[in-house]
Each structure stands twice: as C-alpha cells, then as structure tokens.
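Data block below; observations after.
It should be emphasised that the depicted structure is a prediction, and the values quoted were computed from it without experimental measurement.
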Amino acid sequence: MIRLNDILDGIHSYLPDTDTSLVEKAYIYSAKVHAGQTRLSGEPYLSHPLATAYILTRLHLDLASIAAGLLHDTVEDTLASLEELEKMFGKDVAQIVDGVTKLSKIRFESQIQKQAENTRKMVLAMSKDIRVLLVKLADRLHNMRTLEYQKEYKRVKIARETLDIYAPLAGRLGIGWIKNELENLAFFYIYPEEYQGLSKEVEARLGKRKAYVDEVKDLIAKKMADFGLSCKVLGRPKHLYSIFRKMRTRKIPLEEVYDLIAFRIIMKGAKECYEALGIVHSLWKPIPGRFKDYISLPKTNMYQSLHTTVIGPQGERMEIQIRTGEMDVVANEGIAAHWLYKEGTIVSKEKEHRFDWLFELTEWQKELDDPREFIESVKMDLFPNEVYVFTPKGEVKEFPRGATPIDFAYAIHTEVGNHCAGAKVNGRIVPLKYQFHNGETVEIITSNKHFPNRDWLKLAKTSRALARIRQWIKTEEREKSLALGKDLCAREFKRHRLDFNDFIKTKGAEVAEALSFKTSEDMLIAAGYGKVAPSQIIRKLRAGQPEEQEPEEKESRVKKFTEKAEQQGILIHGLDDILIHLGRCCTPIPGDEVIGYITRGRGVTIHRENCSNIRNLDPDRRIEVTWADVDKATYPAKVRVSTVDQKGMLAAVSKEISAGEANILEAKVSTTPDYAAILDFVVDVKDRTQLRKILSSIRRLEGVKLVERVSPG
C-alpha cells in the first residue's frame, strides 16, 4: 500500500523546496472522512486515493492536482461537500474534485445515458481545467489495476469503457505509458483467453529474437559513430494490445506481425534526427509509403518523431523511430512534459493551440442530445489518424484520415458546411466524396441550392461535421414528421368520430404529458415517426371513460405480435403490441449489446450496438431493448475460420462446433493463393457465451490461424 511519505518523496523529486502542507492536510482529511470504509479487496478505502495521488506524482503534477487526487472520492462517497472542500483547500482543488465526481445521485433512464452524461460532464470540466482529466486517468488506472475484485460482468463493462474512452484520452494527451497500461489491462479482462494465448506466444518469440535485437542495436550504434553522431538505441516490444489490434484489423496470425519490436534512436537535436534517418536508409532499404515525419508536423498531442519501416537483417521488416531526448519525454509523458501549472506558471499562448481539439470537443458535444450518438462521437474524436491539409492562405488544418470536403467546410463555419457543393484541391475541382491526402491545398465551393442530406453522413469523418449534418436533418425531418403526425391523428380521430382540432386546443397538452411528452407538438412528431400510435393517443384521451370495443382482428394482431416478441427473446421498454425481427446485417444473439430501431410499417428491427448500419440511421428512432430469458430459443451466428489448407481441417473444426452443442446450418469452404483455407459457418447458438466457448476451442486446433465472428454478406 502506498504511504503518504511515498507521495511526498515523489513531489520533492521534481519540486525539491516546495511546501507540501496542502497535500498533507488533504491526506488527513481524506483519512478522516473515509475512516471505516473498505474496498472490495478488503483494503482500507484510503489505499485508493493514496495510489491515485502517487500516480499523479509520476506525472510531475502540481500540489492542487495531488491534493485533488487524495480527495477525489470524498464528495461522492462521504458526507463531504464541495463548499467545505473549497473553504479548506481552495477553489482550484474543489473544481478539480467536482469535475471528477460522477453524477451518481441523478437517476438516468438507461446505463448508456448515465455513461454519456458522466463523460459529458468530464469533457466540460476538463475544457476549463485539463487537470480534471489527469486526475480521472490516475483514478481509472488504479481501479483497473485492482479490477479483479469486481464481479465478472462489471469487470468487462469497466474494461470496455476504459478501452473506448479513457485509453484514447490518455493517448490524445500523449501519455503513452498510461495509455499502454490501460489498454493491456482492458485487453486482459475483455479477451482473457486471447490475452493469455498471445502473451505466451509473444514471450516465446521475443526470447528467440534477443540475439537479433542486440545485432540491430549494435549495427545502428556503430553506423552512427562512423558518421560522428552519438545516440542511444533502444529495442522495445510493442505492448500486447497493439499487437492484438493489428492481428484483428489485418486478419493475420502472429507469425505475420513483423514489427513486434520497435527500435528507437535517441539523438541530440532535430538536425541529427534527419541525418540519422539518411544513415538508416543507407543501411537498410526503406519500404515505400511507410515514412512519417512528425517532427515538422507534430501530432495534436505534441508527439514528435520520425517513423520509418525498413527491410532489416535476415529480410525482416523493422519499424524505427528517431527522435530527440526531449521528444522522447513528451512521447511518454505528453501534456505532463509541458505542464500548464508547474510552479505556478501558466502555459504560453503559442502552446495553447495544442489543445484546440479539446475545446472543439466541448463545442459540438452541446448539440448532441442522443447519449449513444454522443459516446460514438467522443470515441471517433479520440481515435484520430491524421491527415494535414492547407487553406488557400497556407494555414494547416488537421483531419482524421478519410476526411472529405464536407469536413473541411464545417471546420470553417456551419453555414459554409450547410451549403458545400464541392471543393478545389490543388486548384482541381473534386467531388464531395474526395478524400484528402497530406499536403494538399483545399478551397471550398458553396451554393445556396445545396443542402445536407443523409448521404453526407457516410462521407463526413469529423464529429463536428456529423453533428451539424444530423442537426440539419433532424430539423428538416421534425417538420415533416409533425405534418405526417397531424395527418395520421386527424384520420384516426375522424374514424372515431372525434374532433382533432378541438382535441389539440383543449386536451392536447394534458394527453401529451400523460404519454410523457413535453408538448402536444412533440407527441404529434412522435406519431409521425411511428413511436406512438394515434390509437394510443385516443385511448389516453378516453382514459376513465367506457372503452370502445376493438375489432377482434386487432386483438389477434396484438397477441400475434406479443408472441413473436417472446419468440425472439426481446423485451422492448414501453411497447408491447409491435412486431420484432432481428437485423440480418449483424445477426445479434443473446449476450450482445443490442438496440432497437423503429421502422416504417415493419415494427422494430434489433441490431447489435456496434452494427455499422445503425450508426447511419435516425437516432430519434432508436429505442432501448434487452434480451428476455428464453431458454429454448437459438440464433444464427456466422463464424469465419482461417486455417492452413490441409486434409481434415473442415472435419476437425466441425467436430469442435458439434462438441459445443451447436448445430451447423451452413458451411462453405474456399482457398486462397497463399495456401490458406477459409471456412465459413452459420451456426445455431443459444447465446454469446456458448459461441465464445466454441470459438476458443476452435482457436486451439493446430493449423488454425484466425477465428472470428463476422457479419453476414
């Protein structure tokens, strides 16, 4: 367990003559209010804030941050108040604690909404003071280190959130060691079997490659010395999750991951870095298209380095990074290497632009009401793969790879984006689907006759552009749905011999409130969208009055739909008489995170949350759904197995599927020019747990390269 002296020693290592009384006072207060509380591990609860504060000393943060680390759970988990913290420790400490504190006392309609609102609050708080995020990262890192004491479903949920939100945020801030540790810990809990298997394989391969690594390091150091350059050469293995991600993305086995070890050359200055690059390229042949210059064009998280991939000794590919000592510190510590508040100083104006992405994040998030949309947008903004282009005036603009003129237009102004008709790239007219390349000069062409449409959602890559397009579409569709809702309700009211106009004037607001809508207009829009039926509005209007006898046909229809819902094993919150079918695009099975989409005239379609199709559909038509307990139901799932092309593989894989008590509905075999076999199966399973066990058993077969669940088509 970390002690107070460990924290004070850490502070004095980078602030030797500092008065640490604020931190000591925070320790005493935290110990007092957390007295008697324990963690799931059985340790005193105080061990967590102590560990959080100690991690913050590794980032060389100021005293207010470390004090906030000791106090970060006091408001949420004790009787302490923000007013009391501000009075005792000052405004800075209280604001950081407030930014980190979860919204645990507010009731949310769903878990996804709770996650979205917590993330939204953190984003807003860290835009005012970046220390909020650094304390939160330290808090999350220690929680991940002790995640084993949580229940299994919570371990997976927390690890997934860490992988989706917190690890990318650490990467965005350039804190490489925290990002890597969070990713590896999340990998361990989300994919335990894959983690264990890959860990053993990588360890075995690295053991065999020690001599190779030493040979490369000696060659580089000797060659640099021949040209009068002093350097430090490091050969470090990539962290496990990055290897796993590469294998999944490229669908390759470990044997085809050639850059398990990245070599790093540390030079004296930037000039020497470019000289070293020339020497490396004279020593080994570079691979075209694999060179990146992040020194002249740094990443938004301040990262600077030269990256190149070469054909090294024994014909193996090697990734080599070249940077200065200062750049290496920034690569590992990110923002902490240029801390804004060190010894009371504020960041210089010329460095403020490095956090533009953070302020843009807070700007567009205010417009996103749908919690899923917000979370997806945050994820998108945290996984940049940058491309740099220029305005006609020579200003550099950064976009995610695959960005189009639509993204550029919205980056200039919303009105420019809303009327974007095309663009000129290097003086040549290009269509809206054109994807930028590094170094291009872009000029936007606008027209008052052009407006956003749903196809733009497939072309845009930035969160800002997507938010603006959805806002336009939502406004347009709201007006159309209002007109449609009025028409549908007027017809239904006429069929029941009721005056629709009189209803809106006299009872509309009352019925709308009874149906959980803010206004009668919102209720009519929902009717136009298909979220509420006109007959429901009439039933609510006649509540307490003798009900009309519904036709027998209607009753049988309700019964049929309800039975269908039970057969599919889906529960829809707030709806019962509705047809349900599973999306063919993603074939969800119990255990998958799912979401419902209200279609026009075909009931509700159930999609997996990560289905690419659902992201392009109207968020207002999405509804919360959950799996029901249906023991006898089975569901189709498509599985792809990549193996060596040899006799008996189909039989061996089929045997494992049968041993897993799953029925094979369909099987297809194909071969590739590189002597591999692709086995595609459609299997009938009860849930995701059964499928995962089957995939794990197939993975253990000799000759199997890759096993994955895939979408149909």
Using side-chain heavy atoms (C-beta onward) and a distance below 4.5 Å, is [X] in contact with [Y]?
{"X": "Val280", "Y": "Met224", "result": "yes"}
{"X": "Val704", "Y": "Met649", "result": "yes"}
{"X": "Thr324", "Y": "Met327", "result": "yes"}
{"X": "Ser242", "Y": "His239", "result": "yes"}
{"X": "Leu147", "Y": "Phe188", "result": "no"}
{"X": "Ile694", "Y": "Val683", "result": "no"}
{"X": "Leu163", "Y": "Arg160", "result": "yes"}
{"X": "Ser305", "Y": "Ile322", "result": "no"}

Would a distance-only check, ignoring hydrogens and angles, find a side-chain to backbone donor-acceptor pair under 3.5 Å from [X] to [Y]?
{"X": "His72", "Y": "Gly69", "value": "yes"}
{"X": "Arg323", "Y": "Ile265", "value": "no"}
{"X": "Asp6", "Y": "Arg3", "value": "yes"}
{"X": "Gln321", "Y": "Ala262", "value": "no"}
{"X": "Thr309", "Y": "Ile287", "value": "no"}
{"X": "Glu215", "Y": "Lys210", "value": "no"}

Are there over 12 heavy-atom neighbours, none belonging to [X], within less than 6.0 Å of that residue's [atom1]?
{"X": "Glu148", "atom1": "CD", "result": "yes"}
{"X": "Gln646", "atom1": "CD", "result": "yes"}
{"X": "Lys693", "atom1": "NZ", "result": "no"}
{"X": "Tyr54", "atom1": "OH", "result": "no"}

What distance separates [X] [atom1] from [Y] [atom2], expressed to the nearest 0.5 Å?
{"X": "Leu706", "Y": "Ile678", "atom1": "CG", "atom2": "CD1", "answer": "8.5 Å"}
{"X": "Leu133", "Y": "Ile96", "atom1": "CG", "atom2": "CD1", "answer": "11.5 Å"}
{"X": "Ile311", "Y": "Lys285", "atom1": "CD1", "atom2": "NZ", "answer": "8.0 Å"}
{"X": "Leu691", "Y": "Lys638", "atom1": "CG", "atom2": "NZ", "answer": "14.0 Å"}
{"X": "Thr146", "Y": "Arg39", "atom1": "OG1", "atom2": "CZ", "answer": "4.0 Å"}
{"X": "Tyr166", "Y": "Leu182", "atom1": "OH", "atom2": "CG", "answer": "10.5 Å"}

Between [X] and [Y], does at least one N-O distance fall below 4.0 Å, as a salt bridge requires?
{"X": "Lys222", "Y": "Asp218", "result": "no"}
{"X": "Arg692", "Y": "Glu193", "result": "no"}
{"X": "Arg245", "Y": "Glu183", "result": "yes"}
{"X": "Glu708", "Y": "Arg248", "result": "no"}
{"X": "Lys136", "Y": "Asp139", "result": "yes"}
{"X": "Asp62", "Y": "Arg131", "result": "yes"}
{"X": "Glu275", "Y": "Lys271", "result": "yes"}

Q | Option passing side-chain contact (heavy atoms from CB on, under 4.5 Å) with Ile66 (candidates Leu59, Thr20, Thr57) | A | Thr57

Q) So which of Ile158, Thr52, Ile178, Ile55 actually passes side-chain contact (heavy atoms from CB on, under 4.5 Å) with Arg140? A) Ile158

[X] versus [Y], closest heavy-atom pair with distance:
{"X": "Pro286", "Y": "Val310", "result": "CA-CG1, 3.9 Å"}
{"X": "Pro313", "Y": "Leu219", "result": "CG-CD1, 4.2 Å"}
{"X": "Ala637", "Y": "Arg709", "result": "CB-NE, 4.5 Å"}
{"X": "Asp680", "Y": "Arg640", "result": "OD1-NE, 2.7 Å"}
{"X": "Leu240", "Y": "Ser199", "result": "CD1-CB, 3.8 Å"}
{"X": "Leu56", "Y": "Tyr14", "result": "O-OH, 4.5 Å"}

So, [X] and [Y]: side-chain donor and acceptor under 3.5 Å apart, yes or no?
{"X": "Tyr195", "Y": "Asn184", "result": "no"}
{"X": "Asp73", "Y": "Tyr45", "result": "yes"}
{"X": "Thr308", "Y": "Arg290", "result": "no"}

**Q.** Residues in side-chain contact (heavy atoms from CB on, under 4.5 Å) contact with Ser697, at least two apart in sequence or another chain
**A.** Glu656, Arg700

Q: Go through the steps to decide whether Lys223 and Asp226 satisfy the test salt bridge (Lys or Arg N to Asp or Glu O under 4.0 Å), and finish with yes or no.
A: CA-CA 5 Å; Lys223 197 71 174 177; Asp226 290 344; 5.3 Å; no

Q: Dump the intermediate steps for side-chain contact (heavy atoms from CB on, under 4.5 Å) on Val653 and Leu650, then the final yes or no.
A: CA-CA 5 Å; Val653 174; Leu650 177 60; 5.7 Å; no

Q) Between Tyr294 and Tyr303, what is the ring plane arrangement, given parallel below 30°, perpendicular above 60°, and tilted in between? A) perpendicular

Q: Would you sort out whether Gln150 and Leu40 count as a side-chain contact (heavy atoms from CB on, under 4.5 Å), showing the intermediate values?
A: CA-CA 7 Å; Gln150 292 281 0; Leu40 292 176; 3.5 Å; yes

Q: Apply side-chain contact (heavy atoms from CB on, under 4.5 Å) to Tyr274 and Asp293, showing your working.
A: CA-CA 10 Å; Tyr274 288 100; Asp293 183 353; 2.9 Å; yes

**Q.** Ring-face cation contact, Trp177 with Arg58, 6.0 Å cut, 45° max
**A.** yes

Q. Under the criterion side-chain hydrogen bond (donor to acceptor under 3.5 Å, both in side chains), which of His307, Lys238, Arg264 is the partner of Glu319?
A. Lys238

Q: I would like to know whether Ile220 and Ile279 meet side-chain contact (heavy atoms from CB on, under 4.5 Å); could you show each step before the answer?
A: CA-CA 9 Å; Ile220 292 173; Ile279 293 168; over 6 Å; no

